[in-house]
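Just so we're clear, the structure is a prediction, and the values are computed from it rather than from any experiment.
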Amino acid sequence: MAKQSTMGSPRLTFQKKKRWGLILLVMLSVSTAVMFVLRAGYDSSCDCGVGKGFDSVVEQKVVLGQTNKVKLVSPLSFMKSKVVLLVSHELSLSGGPLLLMELAFLLRGVGAEVCWITIQKPPGKDEVIYSLENKMLDRGVQVLSAKGKEAIDTAIKADLVVLNTAVSGKWLDAVLNKDVPRVLPKVLWWIHEMRGHYFRLDYVKHLPMVAGSMIDSFVTAEYWKNRTQERLKIQMPNTHVVHLGNSKELMDVAENRVAKRVLREHVRESLGVRNEDILFAAINSVSRGKGQDLFLRSFYESLLLIQQKKLQVPSIHAVIVGSDMSVQTKFETELRDLVAQKKIQHRVHFVNKTLTVAPYLAAIDVLVQNSQVSGYEEPLHIKARCGNCGRGRGECFGRITIEAMAFQLPVLGTSAGGTAEIVVNGSTGFLHPAGKEGVSPLAKNMVKLATHVERRLTMGKRGYERVKQRFMEHHMADRISHVLKEVLHK
């Protein structure tokens with residue numbers, strides 16, 4: 001059985017209490033700093049996501065009588081008092097809902113009236129949904145039922161309706177019914193999917209009539225354009241590509257050396273990994289499409305290469321963050337069986353999925369973004385036109401990639417999807433092919449980084465610089481603002 005993280009288990013030694021005290025002190029200081037920034041943002045009617053280097057994005061105004069202070073105006077400030085309805089297919093710890101929540105908080109930060117609808121909810125109380133809904137309520141987001149008169153009235157009176165993911169399209173007919181034509185002209189459709197089974201007419205038949213679509217990467221936008229034309233015989237609306245950005249809260253931790261050191265020590269201690277050991281991580285929900293099986297095969301192959309070449313390197317470990325201990329899937333069972341078969345239980349660690357990835361980013365040395373194909377094979381005539389849209393579609397964007405780069409980590413990613421738009425091959429990390437043909441190249445790249453600490457550090461620094469230049473929250477807010485202005489104008 002692969003080793004399971006014991007993080008959170010009580011130890012009653014004085015040293016452990018002292019360590020926890022230090023962790024709490026550091027995290028309290030970080031949280032206090034974050035809350036101070038948020039409080040200041042709300043008090044001055046500014047976007048709570050404003051960060052350093054914002055002068056190229058925002059207008060600076062000198063407050064009368066206070067010449068030593070400036071007032072930063074968010075690029076989304078024109079949304080003040082606008083009514084926005086956000087419609088999500090689910091509410092979970094996956095990327096789509098969390099991104100929509102982030103947009104909700106950005107809009108609330110500039111004074112917009114934001115309402116939230118979750119289409120699919122499990123029967124009974126769900127702890128994740130309960131926690132996330134309360135988080136939204138605390139930030140002033142109104143949480144509505146997906147059905148009924150209130151949902152219809154809100155959609156009709158809203159200045160903007162954002163449908164999140166292709167699946168949300170079914171809500172239009174199911175709830176709005178005869179009022180669909182009144183709502184479509186103010187709908188912005190935010191699409192994140194790269195999987196073939198989402199291309200169903202009952203999901204996206206209204207796509208050509210909405211005000212616009214927003215997609216996270218250029219390759220995904222091209223994929224949707226070709227697939228809708230070839231398979232569904234419909235046209236995409238005006239489509240905007242919006243690369244994502246890191247939140248201010250994450251950057252606060254990523255740029256806090258003390259916090260990172262303490263988190264690194266604590267996580268590594270819980271995993272049984274020494275400070276000098278090299279830790280590779282895949283941080284995604286455990287599923288075949290995320291490629292954790294191929295990652296583990298590459299990891300095992302890298303161990304063989306090190307042994308065969310008699311390389312002198314510290315002990316290397318792999319951690320998979322994204323398990324679900326309550327419901328172990330068939331795929332995760334396969335992963336654990338593979339680890340047992342290769343007899344690498346002492347080197348491979350599984351950690352439950354979490355909303356808080358910062359401790360693990362602080363603890364690891366290299367991120368492996370190994371997202372794969374969805375299992376759908378394109379017809380040959382579509383492949384010829386779509387290029388990278390067939391096999392090896394990879395991740396639509398991959399938020400964890402830019403989060404890792406913020407922590408100055410090199411990234412080993414598949415040369416497909418949005419990852420190739422983030423990682424500069426040979427500079428901020430290495431790219432390898434998707435699928436089984438990428439197993440050996442990934443293994444070799446892992447050995448390259450395991451044997452050259454300076455290369456790891458240099459790539460990590462370059463990745464951090466790239467994040468500061470392109471993938472901050474204010475960059476994302478600025479890109480989204482241009483989209484919203486156009487949609488509202490229509």
Side-chain angles (χ1 to χ4, degrees), residues 7 22-38 40-41 47-54 57 93 95 98-99 101-102 105-106 243-268 275 278-284 319 321-322 351 354-369 397-413 418-419 422-424 427-429 449 453 456-477:
M7 196 168 184
L22 181 57
I23 292 169
L24 290 172
L25 180 62
V26 170
M27 294 310 294
L28 179 61
S29 66
V30 173
S31 301
T32 302
V34 172
M35 289 307 299
F36 178 79
V37 173
L38 292 176
D47 179 10
C48 61
V50 171
K52 299 176 182 177
F54 208 40
V57 181
L93 296 179
L98 295 180
L99 274 173
M101 281 182 61
E102 192 166 331
F105 297 153
L106 285 173
H243 282 163
L244 308 179
N246 283 325
S247 69
K248 174 86 168 55
E249 290 83 352
L250 181 120
M251 293 303 299
D252 284 339
V253 180
E255 295 174 336
N256 188 318
R257 292 183 180 181
V258 177
K260 286 199 297 182
R261 187 181 73 246
V262 174
L263 291 171
R264 178 183 176 91
E265 291 174 358
H266 174 63
V267 172
R268 283 178 169 249
N275 186 57
I278 301 172
L279 188 55
F280 294 87
I283 306 179
N284 301 100
V319 59
V321 181
V351 175
T354 175
L355 185 61
T356 308
V357 297
Y360 299 99
L361 293 174
I364 67 176
D365 299 293
V366 180
L367 178 80
V368 179
Q369 175 60 288
F397 182 81
R399 186 71 169 278
I400 191 65
T401 305
I402 60 173
E403 291 175 335
M405 291 163 66
F407 277 75
Q408 301 193 31
L409 298 172
V411 177
L412 301 179
T419 304
I422 303 170
V423 177
V424 180
S427 176
T428 66
L449 294 185
V453 61
R456 291 202 306 271
L457 295 175
T458 300
M459 284 184 161
K461 289 177 181 177
R462 289 173 181 163
Y464 171 76
E465 292 167 359
R466 184 165 169 79
V467 163
K468 297 290 281 188
Q469 293 168 0
R470 300 171 65 99
F471 300 117
M472 298 287 285
E473 187 175 82
H474 60 261
H475 295 134
M476 182 175 75

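- Rounded to the nearest 0.5 Å, atoms CE (M101) and CG (L98) are 6.5 Å apart.
- For the pair Y360/V351, a side-chain contact is recorded, criterion being any heavy-atom separation below 4.5 Å from C-beta on.
- Closest of all the heavy-atom pairs between P410 and D365 is CD-O, 3.3 Å.
- Summarising the geometry of L409 relative to V366, their closest heavy-atom pair is CD2-N, 4.5 Å, with the distance given to 0.1 Å.
- Side-chain atoms of F280 and L412, non-hydrogen and from C-beta on, do get closer than 4.5 Å to each other.
- Taking the side chain as every heavy atom from C-beta outward, V321 and V357 never approach each other to under 4.5 Å.
- Taking all atoms of both residues into account, the shortest heavy-atom contact from R466 to I422 is NE-O, 2.6 Å.
- Atom CE of residue M472 and atom NZ of residue K468 lie 4.0 Å apart, to the nearest 0.5 angstrom.
- The side-chain contact (heavy atoms from CB on, under 4.5 Å) check on A406 picks up N246, L250, M251, A254, V467, with sequence neighbours excluded.
- For R456, there are no salt bridge (Lys or Arg N to Asp or Glu O under 4.0 Å) partners two or more places apart in sequence or in a different chain.
- N275 and R264 form a side-chain donor-acceptor contact under 3.5 Å, judged by distance and modelled atom types alone.
- F397 meets the ring pair (Phe, Tyr, Trp, His ring centres under 6.0 Å) test with H243; sequence neighbours excluded.
- A distance of 8.5 Å separates CG of N256 from NZ of K260, quoted to the nearest 0.5 Å.
- Here T428 contributes atom OG1 and M405 contributes atom CE; the two are 4.5 Å apart, rounded to the nearest 0.5 Å.
- Nearest heavy atom pair, residue P359 against residue V267, reads O-CG2, 3.6 Å.
- Applying the side-chain contact (heavy atoms from CB on, under 4.5 Å) test to E102 and every residue at least two apart in sequence or in another chain returns S247, R399, E473, M476.
- Here the closest heavy-atom approach between residue T419 and residue G413 is recorded as CG2-CA, 4.0 Å.
- With sequence neighbours excluded, no residue forms a salt bridge (Lys or Arg N to Asp or Glu O under 4.0 Å) with R462.
- In this structure, I400 and L361 have side chains that are in contact, with non-hydrogen atoms separated by less than 4.5 Å.
- Applying the side-chain hydrogen bond (donor to acceptor under 3.5 Å, both in side chains) criterion to Q369, with sequence neighbours excluded, gives S371, T401.
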